[in-house]
Structure formats: structure tokens, C-alpha cells
Protein chains: 2
Amino acid sequence: MTNAFTALADPTRRTIFERVAAQPSAVGALAAELPVSRPAVSQHLRVLKDAGLVVDEAHGTRRVYRVRQEGLAELRAYLDQFWDQSLAAFRDLAEAEDA
Amino acid sequence: MTNAFTALADPTRRTIFERVAAQPSAVGALAAELPVSRPAVSQHLRVLKDAGLVVDEAHGTRRVYRVRQEGLAELRAYLDQFWDQSLAAFRDLAEAEDA
DNA sequence: ACTTACGGTAAGCGAAAGCTTACATATCTT
DNA sequence: AAGATATGTAAGCTTTCGCTTACCGTAAGT
């Protein structure tokens with residue numbers, strides 16, 4: 001799950017993820033809209049898939065990729081954890097300064 | 001803001017962020033707990049700062065880093081956007097399959 | 001069956017990232 | 001004022017990353 005950050009770090013890969021989020025798409029369709037080759041897109045999708053951010057489904061000879069909601073949920077939960085932590089730490093700090 | 005993903009992609013840097021979230025800390029204190037050198041920690045903190053995920057405050061000769069809540073908020077908002085998008089796309093797909 | 005379309009994989013190359021050591025800067029202490 | 005403490009910065013090296021081209025497998029159409 002923590003690998004999702006690595007997956008979304010690259011600009012091209014993030015763009016691919018955005019397109020897939022806007023509309024589930026096949027590899028070739030994505031590559032046609034991007035300034036990189038089709039194999040590059042394929043490799044990026046593999047990284048996104050390994051990170052649990054997308055899933056693929058065979059549709060004839062095409063492979064349609066779509067966002068995996070659970071991946072997004074896990075990522076958000078991870079961030080929320082730090083949100084709570086940092087708020088608590090800030091509160092502790094304020095209390096310490098009062099003393 | 002989108003650079004926050006790059007900032008959190010590296011494992012060492014993510015650990016640093018976790019420590020800072022748990023408790024605002026100075027550079028040396030962080031480096032003492034990590035398997036990398038102090039300059040490395042300093043460089044990582046610079047990346048996190050540029051990404052808007054942490055802020056630093058001078059405390060004497062030390063520099064205390066803490067989480068920047070706004071950075072986390074922006075990151076979560078970005079993810080929520082995809083959450084909504086992918087749900088809508090999924091709904092559209094289901095409707096299309098009915099037809 | 002043969003051809004065409006679509007996509008994953010391997011090899012290799014240039015750019016970028018992360019680390020270390022060495023050096024520079026600023027603040028606190030005595 | 002001088003030394004000590006704490007941190008940022010520069011240079012260089014090694015590894016990783018993203019890209020391309022070439023190749024292979026699989027499913028559909030004729």
C-alpha cells in the first residue's frame with residue numbers, strides 16, 4: 001500500500017491514473033493520448049496495478065484498466081492516520097509551552 | 001502539491017515524515033534514529049518542505065520540523081477527487097452495460 | 001488456417017535520485 | 001572572542017527509473 005506513493009510520484013504515471021479514473025480505458029487508447037510509447041504505458045500500468053491502485057479486465061483482445069477503490073481508500077486512511085497524529089502532537093506541544 | 005507523492009515515495013523519507021508526524025523533531029534527533037547520515041536527513045526534509053508537507057521553525061541552533069496540516073489536507077482533497085471520479089465512471093459503466 | 005490487432009516482456013541506455021564525505025554558516029556557551 | 005553545537009550545501013558516486021526498440025503471446029476476423 002505504501003508503494004502507492006511511488007506509483008503516483010511519476011508525472012506520466014499520475015496522468016495515466018487520472019485518465020483511468022475519469023474513464024476506464026485500454027492500453028492503446030491511453031497511449032494514443034500520451035507522449036510516450038505504448039510499452040511505456042503498459043509498464044506504468046503494471047506499477048499502478050502492483051500498488052493496488054488499478055485493476056484490469058480482459059475485454060476481447062483489449063485490457064481495460066480501471067481504478068481500484070480499495071486502493072484509494074487505503075491510501076486515504078494512511079494519510080488520515082498522520083492527520084490525527086500531527087494534530088495530537090501539536091496539542092501536546094501547545095500544552096508543553098504553557099508549562 | 002502533486003509533488004507530495006514524490007516526497008512520500010522514498011521509504012526513508014516516509015519514515016522521517018512518520019516520525020515528524022508523531023512528534024515534531026530536530027534534524028539531529030531524527031538522524032540518530034535512522035540508518036542514514038545527518039545530511040541525508042537534511043536533504044530529505046528539504047524535499048518534504050518543498051512539497052509543503054512539513055514546516056520548520058528555528059529553536060536556538062536547532063531547527064524543529066513539524067507536519068504542515070494544509071499539505072496533508074491538499075493531498076487528501078486530491079485523492080478524494082479521484083474517488084468521486086472513479087465512482088462516477090463506474091456508475092456510467094454499469095448503466096452502459098444495462099443498455 | 002492466416003492475418004491482423006492488441007498488449008505484455010526483455011534488453012539496454014541516459015537521466016535522475018539518494019547517499020556519503022567534506023565544507024560553510026549560524027547560534028549558544030563560557 | 002573563541003570554541004562547541006546544530007544544520008544546510010556542494011561534489012561525486014552508485015543505483016534506480018523511465019523510456020525506446022525489438023520480440024513474443026493471445027484473441028478476433030476473414
Side-chain angles (χ1 to χ4, degrees), chain A residues 1-21 23-68 93 96-97, chain B residues 1-21 23-68 75 93 97:
Chain A
M1 187 266 300
T2 68
N3 263 17
F5 289 112
T6 304
L8 293 176
D10 180 69
T12 302
R13 203 153 50 219
R14 198 163 47 234
T15 300
I16 292 176
F17 182 74
E18 292 174 2
R19 304 286 178 108
V20 169
Q23 181 179 28
S25 316
V27 181
L30 291 168
E33 296 176 338
L34 294 170
V36 296
S37 70
R38 184 194 51 75
V41 174
S42 196
Q43 290 162 6
H44 282 308
L45 285 168
R46 174 168 171 76
V47 174
L48 289 169
K49 183 180 177 183
D50 288 347
L53 288 174
V54 301
V55 290
D56 61 324
E57 186 180 2
H59 260 291
T61 152
R62 334 207 158 166
R63 207 148 252 280
V64 176
Y65 284 80
R66 60 179 173 83
V67 169
R68 179 173 170 270
L93 192 70
E97 279 178 355
Chain B
M1 185 267 301
T2 66
N3 263 17
F5 289 113
T6 305
L8 293 176
D10 180 70
T12 301
R13 203 152 51 219
R14 198 162 48 234
T15 299
I16 292 176
F17 182 76
E18 293 174 2
R19 304 286 177 106
V20 169
Q23 181 180 28
S25 316
V27 182
L30 291 167
E33 296 175 338
L34 294 170
V36 296
S37 71
R38 184 196 51 74
V41 174
S42 196
Q43 291 163 5
H44 281 308
L45 284 169
R46 173 170 172 77
V47 174
L48 289 169
K49 184 180 176 182
D50 289 346
L53 288 174
V54 301
V55 290
D56 61 326
E57 186 180 2
H59 261 290
T61 150
R62 335 209 154 160
R63 209 147 246 284
V64 177
Y65 285 80
R66 61 182 171 81
V67 168
R68 178 172 171 271
L75 197 55
L93 192 72
E97 279 177 354

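When reading the values below, keep in mind they use all heavy atoms of this one structure, side chains included, and skip hydrogens, waters and symmetry mates. Worth saying up front: this structure is predicted, and the values here are computed from it rather than measured. In what follows, every chain begins at residue 1, and chains take the letters A, B, ... in the order their sequences are listed.
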Check: protein-nucleotides 1-3 of chain D nitrogen or oxygen pairs below 3.5 Å:
none

Could you go over nucleotides 7-14 of chain C and give all protein N or O partners under 3.5 Å, atom names and distances?
residue	atom	partner	partner atom	Å
C/dG7	OP1	A/V27	N	3.2
C/dG7	OP2	A/G28	N	2.8
C/dG7	N7	A/R38	NH1	3.4
C/dG7	N7	A/R38	NH2	3.3
C/dG8	OP1	A/Y65	OH	2.6
C/dG8	OP2	A/S42	OG	2.5
C/dG8	O5'	A/S42	OG	3.4
C/dG8	N7	A/R38	NH1	3.1
C/dG8	O6	A/R38	NH2	2.9

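Under the side-chain contact (heavy atoms from CB on, under 4.5 Å) criterion, A/R46 pairs with A/D50, not counting sequence neighbours. With sequence neighbours excluded, the residues satisfying side-chain contact (heavy atoms from CB on, under 4.5 Å) with A/A21 are A/V67, B/F82, B/Q85. Under the rule for a side-chain contact (heavy atoms from CB on, under 4.5 Å), the partners of B/S37 that lie at least two apart in sequence or sit in another chain are B/P39, B/A40. B/E18 meets the salt bridge (Lys or Arg N to Asp or Glu O under 4.0 Å) test with no other residue; sequence neighbours excluded.
For the atom pair B/L53 CG and B/I16 CD1, the distance stands at 12.5 Å (nearest 0.5 Å).
In this entry the distance linking NE2 of B/H59 with P of D/dT7 reads 12 Å, nearest Å. D/dC19 atom C1' lies 17 Å from atom CG of A/L30, rounded to whole Å. A/R13 places its CZ atom 8 Å from the C1' atom of D/dC17, with the value rounded to the nearest Å. The distance from atom NE2 of B/H44 to atom P of D/dT9 is 15 Å, rounded to the nearest whole Å. With rounding to whole Å, B/K49 atom NZ is found 14 Å from D/dT7 atom P.
The shortest distance between the side-chain N/O atoms of B/S37 and the OP1/OP2 oxygens of C/dT21 is not below 4.0 Å.
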Checklist entry - Checking side-chain contact (heavy atoms from CB on, under 4.5 Å) for the pair A/L45/A/D56: CA distance, chi angles, key distance, verdict? => result CA-CA 9 Å; A/L45 285 168; A/D56 61 324; over 6 Å; no
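The backbone N or O of B/A9 lies less than 3.5 Å from a partner atom in the side chain of B/R14, making a donor-acceptor pair.
Side chains of A/R13 and A/L8 form no contact here, defined as non-hydrogen atoms less than 4.5 Å apart.
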